[in-house]
Amino acid sequence: MTEGTTTAAAESGDTLTRLEQEGEIAADYLEGLLDIADLDGDIDMDVEADRASVSIVSESARDLQKLVGRDGEVLEALQELTRLAVHRETGDRSRLMLDIGGFRAKKREELTALGAKASEDVKTSGEPLKLAPMTPFERKVVHDAVAAAGLRSESEGEEPQRFVVVLPA
C-alpha cells in the first residue's frame, strides 16, 4: 500500500466510525423519546450513502403513525430534533436520515416512480415539466431518478414551495 492509499483507507474508516457514532447517539435519543411517549419500537442503525440511517420499526404500525404524522410532517420534525441531539453531542452537523415504520422507504419508491414517469413524459413532449412542491428529501429522490433516466432537473422556488423541474435533454 502506498501512503495515499493508507491515508484514504484511514479516512474512510474514520468516516464510518463517525457515522456509526452518530447512529448510536440518535438511537439513544430516540429510545428516550419512545419511552417518554410510551410507544413500542425497535431501533435499527445503518450507514447508507455516506450518512447515518436510523429506523424505528414496530409490529404495531398504528403506534408509529403518530410519529410520522400527516405526510411525514412529524417525521421531518423528529429528524431535525435528532440531528440537533447528535450535533449537541459531537459538535458536527449531521446529515442523519430517520425513517419510521418504513414511511420513507415507501415514499422513496413512490418518488422514484414519479421521477421516472416525469422523465418519460419530458422525453416524449420535449417540454420542461414542473412537479408539485416537495421536501428536500423528496426532491433529492426525484433528482436521482431523473438523472438515472438520463435527463437533468433543477429545484426552483422558495421553501416550503420549492419544486423540481425536469428538463429535456
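Atom set for the values below is all heavy atoms of this structure, side chains included, hydrogens, waters and symmetry mates excluded. Start at 1 with the first residue, then count along the sequence.
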Problem - Any side-chain heavy-atom pair of Pro133 and Pro160 under 4.5 Å - result: no
Practice task
Check whether any side-chain heavy atom of Glu120 sits under 4.5 Å from a side-chain heavy atom of Lys117, and report yes or no.
Solution key: no
Completion exercise
Interatomic distance, CD@Glu20 vs CG@Asp46, rounded to 0.5 Å, equals 9.5 Å
Problem - Close side-chain approach of Leu151 and Val122, heavy atoms under 4.5 Å - result: yes
Problem - Cluster check Leu75, Leu111: I/L/V/M/F/W/Y, side chain < 4.5 angstrom - result: no
Completion exercise
Residues Gly115 and Ala145: closest non-hydrogen pair is CA-CB, 3.9 Å
Problem - salt bridge (Lys or Arg N to Asp or Glu O under 4.0 Å) between Glu109 and Lys107, intermediate numbers included - result: CA-CA 5 Å; Glu109 288 176 17; Lys107 191 77 167 170; over 6 Å; no
Handout entry: Which atom of Ile56 lies closest to which atom of Gly41, heavy atoms considered
Key = CG2-CA, 4.3 Å
Handout entry: Min side-chain heavy-atom separation Thr15-Arg18 under 4.5 Å
Key = yes
Practice task
Decide side chain to side chain contact (heavy atoms under 4.5 Å, CB included) for Met134 and Val142; before the verdict, give the C-alpha distance in whole Å, the side-chain angles of both, and the deciding distance to 0.1 Å.
Solution key: CA-CA 10 Å; Met134 299 178 192; Val142 171; 3.8 Å; yes
Handout entry: Shared hydrophobic cluster for Leu19 and Met97 (ILVMFWY, side-chain gaps under 4.5 Å)
Key = no
Exercise for the section: State the CG-OG distance between Leu129 and Ser153, to the nearest 0.5 angstrom. Expected result: 11.0 Å
Practice task
State whether the number of non-hydrogen atoms from other residues, nucleotides or ligands found under 6.0 Å of Asp35 atom CG is greater than 12.
Solution key: yes
Exercise for the section: Grab the two heavy atoms, one from Ala85 and one from Tyr29, that are nearest each other, plus how far apart they are. Expected result: CB-CD1, 3.6 Å
Practice task
Find out whether Leu96 and Arg51 are in side-chain contact, i.e. whether some heavy atom of one side chain is under 4.5 Å from a heavy atom of the other.
Solution key: no
Handout entry: Check: Ala149 main-chain N/O paired with Lys123 side-chain donor or acceptor under 3.5 Å
Key = yes
Problem - Joint hydrophobic cluster, Leu64 plus Leu33, side-chain heavy atoms closer than 4.5 Å - result: yes
Practice task
Please report the C-alpha distance between Ile25 and Thr90 in whole Å, then the side-chain angles of each, then the deciding distance to 0.1 Å, and finally whether the side chain to side chain contact (heavy atoms under 4.5 Å, CB included) criterion is met.
Solution key: CA-CA 9 Å; Ile25 293 167; Thr90 65; 3.5 Å; yes
Problem - Inter-residue atom distance Ile100.CD1 - Lys66.NZ, 0.5 Å rounding - result: 13.0 Å
Exercise for the section: Search all heavy atoms of Met45 against all heavy atoms of Gly23 and return the closest pair with its distance. Expected result: SD-O, 3.1 Å
Problem - Pairing residues for Val74 by the side-chain contact (heavy atoms from CB on, under 4.5 Å) criterion, not counting sequence neighbours - result: Leu78
Handout entry: Note, Ser94 side chain near His87 side chain (heavy atom, < 4.5 Å)
Key = no
Problem - Non-hydrogen atoms of Asp71 and Phe103 that approach each other most closely - result: C-CZ, 3.8 Å
Handout entry: Cluster overlap Leu30 with Leu81, hydrophobic side-chain contacts below 4.5 Å
Key = yes
Handout entry: Nearest-0.5 Å distance that lies between atom CG in Asp144 and atom OG1 in Thr112
Key = 8.0 Å
Handout entry: Pairs touching residues 76-85 that satisfy side chain to side chain donor-acceptor pair (under 3.5 Å), sequence neighbours left out
Key = Glu76-Arg104, Gln79-Arg104, Glu80-Arg83
Problem - Residues Ile43, Leu34; criterion side chain to side chain contact (heavy atoms under 4.5 Å, CB included); working and verdict - result: CA-CA 10 Å; Ile43 310 245; Leu34 289 173; 4.2 Å; yes
Fill in the blank from the handout: Residues Phe163 and Leu131: closest non-hydrogen pair is CB-O, 3.2 Å
Problem - Side chain Arg162, main chain Gly157, donor-acceptor under 3.5 Å - result: yes
Problem - Intermediate values then yes/no, salt bridge (Lys or Arg N to Asp or Glu O under 4.0 Å), Glu159 and Arg139 - result: CA-CA 12 Å; Glu159 294 293 354; Arg139 290 194 310 270; 2.8 Å; yes
Completion exercise
d(Phe137 CZ, Leu98 CG) to nearest 0.5 Å is 11.0 Å
Exercise for the section: Output every pair passing salt bridge (charged side-chain N to carboxylate O under 4.0 Å, His left out) with a member in residues 85-103, not counting sequence neighbours, ordered by first then second residue. Expected result: none
Handout entry: Note, Glu59 side chain near Asp42 side chain (heavy atom, < 4.5 Å)
Key = no
